[in-house]
Amino acid sequence: ELVQLQDLHGETFGKSLWLQEYFCSFEAAIPGSFWAESLDALQLRGAICTFEHDRGKPVFTVGDLGRTDDTAIWFYQIEGDQLDIMDYWAGNGCEIYDPLNPDRSICHLFLMKAAQHGYRYARHWWPHDARPRRLGMGGKSILQQFVEAGLKETALRQFSIVPHLDVQEGIQAGRATFRHVRRFHAERCQLGLEALRHYHREWDAEKKMYLDHPVHDFASHCFTGETEVLTRNGTCSISSLPITGEVLTLCGWKPYENPRITRRNALLVEVVFEGGLSVKCTPDHLFLTESGWISAQSLTSTMQIQS
């Protein structure tokens with residue numbers, strides 16, 4: 001089976017699929033992952049670890065503005081040509097600056113992180129789409145709102161726009177950036193590392209090849225909280241699972257820890273099996289079929305699910 005998966009998906013990702021399917025290793029790369037090998041290399045040399053950042057040096061952030069998905073922000077420091085990435089945040093439904101609702105304000109998130117960890121900001125980088133003026137914002141751009149907030153909250157310092165790159169240029173820039181990462185903070189960046197690991201190419205089942213463009217979603221392996229699994233204490237929905245325990249898999253009883261919500265208000269599809277069993281999941285959740293791994297949105301009524 002390992003040889004078959006590697007013939008279909010390549011040596012690295014074929015082995016990752018084999019580890020997932022037969023050894024229940026969910027740290028392995030998902031098929032078509034852009035960053036998995038880079039992350040594996042960092043992990044092997046101990047660069048994904050817990051460390052104390054240098055409180056005497058400035059902190060930078062870089063963010064991606066979410067519309068239908070989450071806004072994501074990385075916090076980092078520069079040491080020569082090396083990066084220490086020490087924090088990550090993702091969320092949705094937030095305003096740029098809202099003193100009356102600080103728990104829903106991105107600027108107040110920055111201030112909270114500064115107070116909590118001693119961050120001393122130098123500059124916050126945002127994508128090119130923060131520059132255009134928006135009618136719904138009183139004719140102000142997102143960048144203008146951040147700049148005005150920085151004048152009121154001087155600890156925020158400066159806000160700037162990164163050069164515009166298309167998707168493929170961004171992917172190549174990401175690969176180059178990984179070579180300069182000295183370390184990731186394992187605890188504070190946990191969700192961000194999961195997001196990086198799951199950023200993957202779309203699979204074309206007819207051509208049996210990966211397309212150049214990525215799947216635009218947080219992760220492929222996402223079920224709803226009401227999905228039931230079998231535990232040592234009987235059937236239980238994922239949302240009600242204790243922090244640690246064991247669930248029954250095709251590989252036998254396997255331990256899990258810290259089940260949690262990774263997406264809110266995500267687009268879902270329902271997969272209905274013979275006999276009436278059904279499951280709701282994100283459209284790009286992968287199922288192993290007789291023709292290989294197929295996303296939920298690409299399944300047809302004639303396909304046989306292998307796992």
Reported [atom1]-to-[atom2] distance for the pair [X] and [Y], which is rounded to 0.5 angstrom:
X: Gln144; Y: Arg131; atom1: CD; atom2: CZ; result: 10.5 Å
X: Thr177; Y: Trp74; atom1: OG1; atom2: CH2; result: 12.0 Å
X: Ile48; Y: Gln43; atom1: CD1; atom2: CD; result: 4.5 Å
X: Arg45; Y: Arg182; atom1: CZ; atom2: CZ; result: 10.0 Å
X: Tyr76; Y: Met86; atom1: OH; atom2: CE; result: 10.0 Å
X: Asp84; Y: His185; atom1: CG; atom2: NE2; result: 10.5 Å

Among all residues two or more places apart in sequence or in another chain, which pass the salt bridge (Lys or Arg N to Asp or Glu O under 4.0 Å) test with [X]?
X: Glu226; answer: none
X: Glu169; answer: none
X: Arg179; answer: none
X: Glu187; answer: none

Min side-chain heavy-atom separation [X]-[Y] under 4.5 Å:
X: Tyr97; Y: Gln145; result: no
X: Pro255; Y: Thr244; result: no
X: Leu193; Y: Trp35; result: no
X: Leu65; Y: Trp126; result: yes
X: Ile85; Y: Cys189; result: yes
X: Gln158; Y: Arg123; result: yes

Which heavy atom of [X] sits nearest a heavy atom of [Y], and at what distance?
X: Leu156; Y: Tyr121; value: O-CB, 3.9 Å
X: Gly63; Y: Pro127; value: O-CD, 3.1 Å
X: Leu230; Y: Trp253; value: O-CZ3, 3.6 Å
X: Ser141; Y: Ala130; value: CB-O, 3.5 Å
X: Thr224; Y: Thr227; value: O-OG1, 2.9 Å

Determine whether [X] and [Y] fall in the same hydrophobic cluster, where Ile, Leu, Val, Met, Phe, Trp and Tyr are linked whenever their side-chain heavy atoms lie under 4.5 Å apart.
X: Met303; Y: Val269; answer: no
X: Leu299; Y: Leu277; answer: yes
X: Val271; Y: Phe223; answer: yes

If the condition is ring pair (Phe, Tyr, Trp, His ring centres under 6.0 Å), which residues does [X] pass it with, not counting sequence neighbours?
X: Trp89; value: none
X: Phe159; value: His124, Phe146
X: His164; value: His128

Spell out, as yes or no, whether a donor-acceptor pair under 3.5 Å connects the side chain of Arg120 to the backbone of Gly56. yes
Sequence neighbours excluded, which residues qualify as side-chain contact (heavy atoms from CB on, under 4.5 Å) partners of [X]?
X: Val229; answer: Thr231, Ile238, Leu241, Val247
X: Ser278; answer: Glu270, Val272
X: Ser38; answer: Phe178

Salt bridge (Lys or Arg N to Asp or Glu O under 4.0 Å) partners of residues 146-167, not counting sequence neighbours, each pair once: Lys140-Glu148
Name each donor-acceptor pair under 3.5 Å that joins a side chain in residues 105-118 to protein atoms two or more places apart or in another chain, with its distance.
residue: Ser105; atom: OG; partner: Asp98; partner atom: N; Å: 3.2
residue: Ser105; atom: OG; partner: His108; partner atom: N; Å: 3.3
residue: Ser105; atom: OG; partner: His108; partner atom: ND1; Å: 2.8
residue: Lys113; atom: NZ; partner: Asp87; partner atom: OD1; Å: 3.0
residue: Lys113; atom: NZ; partner: Asp87; partner atom: OD2; Å: 3.2
residue: His117; atom: ND1; partner: Arg188; partner atom: NH2; Å: 3.3

Between His53 and Tyr119, is the ring centroid distance below 6.0 Å? yes
